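Reckoned from all heavy atoms, side chains included, excluding hydrogens, waters and symmetry mates. Numbering of ligands and ligand atoms starts at 1, following listing order. Just so you know, these numbers come straight off a predicted model, no measurement behind them.
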Amino acid sequence: MNREELLKIKEEALKEHIPIIMDDTLNVIEETLKDKKVDNLLEIGTAVGYSAICFSEFLSENGKIDTIERDTERVNEAKINIKRAEVEGKINILEGDAVEILPTLNNKYDVIFIDAAKGKYTFFLNEALRLIKPNGIIFADNILYKGYVMSDYNKHKQRTAVRNLREYIKEITENPKLETEILEAGDGLAISKIK
Ligand code: SAH
Ligand code: MG
């Protein structure tokens, strides 16, 4: 991995207001995966490839990442960035809407990172539960959505997203097969370990 390029990619993404993973969120994920063998990781929401490039460091020797993105321009930028960071071969971009792509997948994953349309998180969770390996871990980023999710104010325009994120938290908390933690890191991170 070319760290100098990674830093440039990060700066460019921030300048373009692309909502890339925050440093503290990344640190928590790194810490959580430190003793885990990650052969297959699935990401929902590639954007310009920043988080996928970071996650490539957490993979086992022959580990691979599949990452889904529906915005063609971002897919193209991600492909360029993956080459710049010298991690091509580790990251495979699946271009299209995750709502359509996920049901076609049959691979099993050690880790799934949900970081796309907030109104679809419960759909993504059901697919993630189907695709996760025993002892796998499902992360969901932006789960507290700027504090909206835990406040009782629900009259803003992001109502559907907030409702879905609350439902996601309810489902992961009540599912007896999951051991869940909700952290305030970044914009909120849910960590669900499969028991
Ligand atoms: N994981 C990235 C940031 C992702 S931002 C990082 O941390 O570097 C969220 C991305 O999800 C956006 O690029 C958006 O286009 C994409 N997205 C949103 N809903 C989607 C969907 N239903 N299918 C595929 N991609 C989606
Ligand atoms: Mg995010």
Side-chain angles (χ1 to χ4, degrees), residues 1 3 5-30 32-33 38 41-59 65-85 87 90-105 109 111-128 131 137-149 158 160-162 164-165 168-169 182-192:
M1 136 99 86
R3 297 203 161 270
E5 282 301 316
L6 180 66
L7 273 181
K8 286 189 202 156
I9 292 162
K10 181 183 179 183
E11 277 164 25
E12 290 163 12
L14 290 173
K15 218 177 277 170
E16 290 171 45
H17 302 290
I18 293 162
I20 56 170
I21 191 166
M22 292 165 94
D23 292 340
D24 55 345
T25 310
L26 194 59
N27 290 339
V28 171
I29 293 178
E30 178 166 25
T32 309
L33 298 181
V38 182
L41 185 151
L42 174 67
E43 174 179 71
I44 308 171
T46 317
V48 295
Y50 176 73
S51 53
I53 295 167
C54 294
F55 295 158
S56 71
E57 292 279 284
F58 312 155
L59 294 173
I65 296 175
D66 286 331
T67 179
I68 308 175
E69 175 58 53
R70 66 177 171 194
D71 181 308
T72 309
E73 252 176 64
R74 288 192 171 175
V75 168
N76 293 337
E77 211 175 316
K79 284 181 183 161
I80 294 168
N81 289 340
I82 288 163
K83 284 209 184 84
R84 286 170 66 191
V87 291
K90 291 188 179 186
I91 304 175
N92 173 35
I93 303 178
L94 306 173
E95 185 172 354
D97 195 317
V99 173
E100 279 154 36
I101 291 178
L102 286 167
T104 71
L105 300 181
Y109 297 92
V111 174
I112 299 180
F113 180 64
I114 300 174
D115 192 20
K118 298 178 186 72
K120 299 274 157 56
Y121 267 38
T122 51
F123 178 86
F124 297 152
L125 175 64
N126 284 325
E127 286 299 309
L131 296 168
I137 306 180
I138 301 170
F139 294 95
D141 195 24
N142 308 95
I143 199 69
L144 298 178
Y145 198 15
K146 301 175 183 167
Y148 299 153
V149 170
Q158 317 296 4
T160 311
V162 170
N164 201 271
L165 294 173
Y168 183 100
I169 292 173
I182 313 271
L183 303 181
E184 282 180 11
D187 194 25
L189 179 72
I191 308 177
S192 302

Name the residue from L6, V87, I53 that meets the side chain to side chain contact (heavy atoms under 4.5 Å, CB included) definition with N81. I53

Using the six-membered ring wherever Trp is involved, compare the ring planes of F124 and Y121 and label them parallel, tilted or perpendicular (cut-offs 30° and 60°). tilted

Please could you name the atoms of ligand 1 that P19 approaches to less than 4.0 Å, counting only its heavy atoms? 3 (C), 5 (S)

What are the atoms of ligand 1, with element, lying closer than 4.0 Å to any heavy atom of G96? 23 (N), 24 (C)

Indicate, as side chain, backbone, both or neither, the part of E43 found under 4.0 angstrom from ligand 1 when only non-hydrogen atoms are considered. side chain

If we number the atoms of ligand 1 from 1 as shown, the ones under 4.0 Å from a heavy atom of I20 are 6 (C), 7 (O), 8 (O)

With rounding to the nearest 0.5 Å, note down the distance linking CD1 in I138 to OH in Y168. 6.0 Å

Atom pair CG/OG1 of L189 and T32 - distance to nearest 0.5 Å: 7.5 Å

If you consider just the N/O/S atoms, which atom of D141 is the closest one to the Mg ion (ligand 2)? OD2

Checking the side chain of N164 only, and the main-chain atoms of T122 only, is there a donor and an acceptor separated by less than 3.5 Å? yes

Which residue holds the protein heavy atom closest to atom 17 (N) of ligand 1, what is that atom called, and what is the gap in Å? A116 CB, 3.7 Å

Donor-acceptor under 3.5 Å (D141 side chain, D115 main chain): no

Quick one: look at I18 and ligand 1, take heavy-atom pairs under 4.0 Å, and tell me if it's side chain, backbone, both or neither. neither

If you round to the nearest 0.5 Å, how far is SG of C54 from CZ of F113? 10.0 Å

Considering E69, K10, E73, K120 one by one, which has a heavy atom nearer to atom 16 (C) of ligand 1 than any of the others? E69

Test your reading of the structure: does G45 have an N or O sitting under 3.5 Å from an N or O of ligand 1? yes

Nitrogen or oxygen of A117 less than 3.5 angstrom from that of ligand 1: yes

Distance-only N or O hit between ligand 1 and I21, under 3.5 Å: yes

Taking only Lys NZ, Arg NE, NH1 and NH2, and the carboxylate oxygens of Asp or Glu, determine whether K8 and E5 approach each other closer than 4.0 Å. yes

Taking atom 2 (C) of ligand 1 as the point of reference, which of A52, G186, S51, A98 owns the nearest heavy atom? S51

Test applied, side chain to side chain contact (heavy atoms under 4.5 Å, CB included); reference residue, L94; option that passes from I101, I44, T46: I101

Atom CG in L14, atom CD in E11: separation rounded to 0.5 Å? 8.0 Å

Strictly under 2.8 Å, is the Mg ion (ligand 2) approached by any N, O or S atom of D115? yes

Atom 24 (C) of ligand 1: of R70, M22, E77, the nearest heavy atom sits on R70

Quick one: look up the protein heavy atom nearest atom 22 (N) of ligand 1 and list residue, atom name and how far away it is. D97 OD1, 2.9 Å

Going by heavy atoms, is I101 under 4.0 Å from ligand 1? no

Residues Y109 and L41: closest non-hydrogen pair is CD2-C, 3.6 Å

Please say whether F124 places an N or O atom under 3.5 Å from an N or O atom belonging to ligand 1. no

For A47, the ligand 1 atoms whose distance to one of its heavy atoms is below 4.0 Å: 2 (C), 3 (C), 4 (C), 5 (S), 13 (O)

Any N/O/S atom from S51 (main chain or side chain) under 2.8 Å of the Mg ion (ligand 2)? no

Counting N and O atoms only, with roles assigned by atom type, does the side chain of D66 sit under 3.5 Å from a partner on the main chain of L42, one being a donor and the other an acceptor? no

Has E57 got more than 12 heavy atoms of other residues, nucleotides or ligands less than 6.0 Å from its CD? yes

What residue and atom, counting heavy atoms only, is the protein's closest point to atom 9 (C) of ligand 1, and at what distance? D115 O, 3.2 Å

R74, any N or O under 3.5 Å of ligand 1 N or O: yes

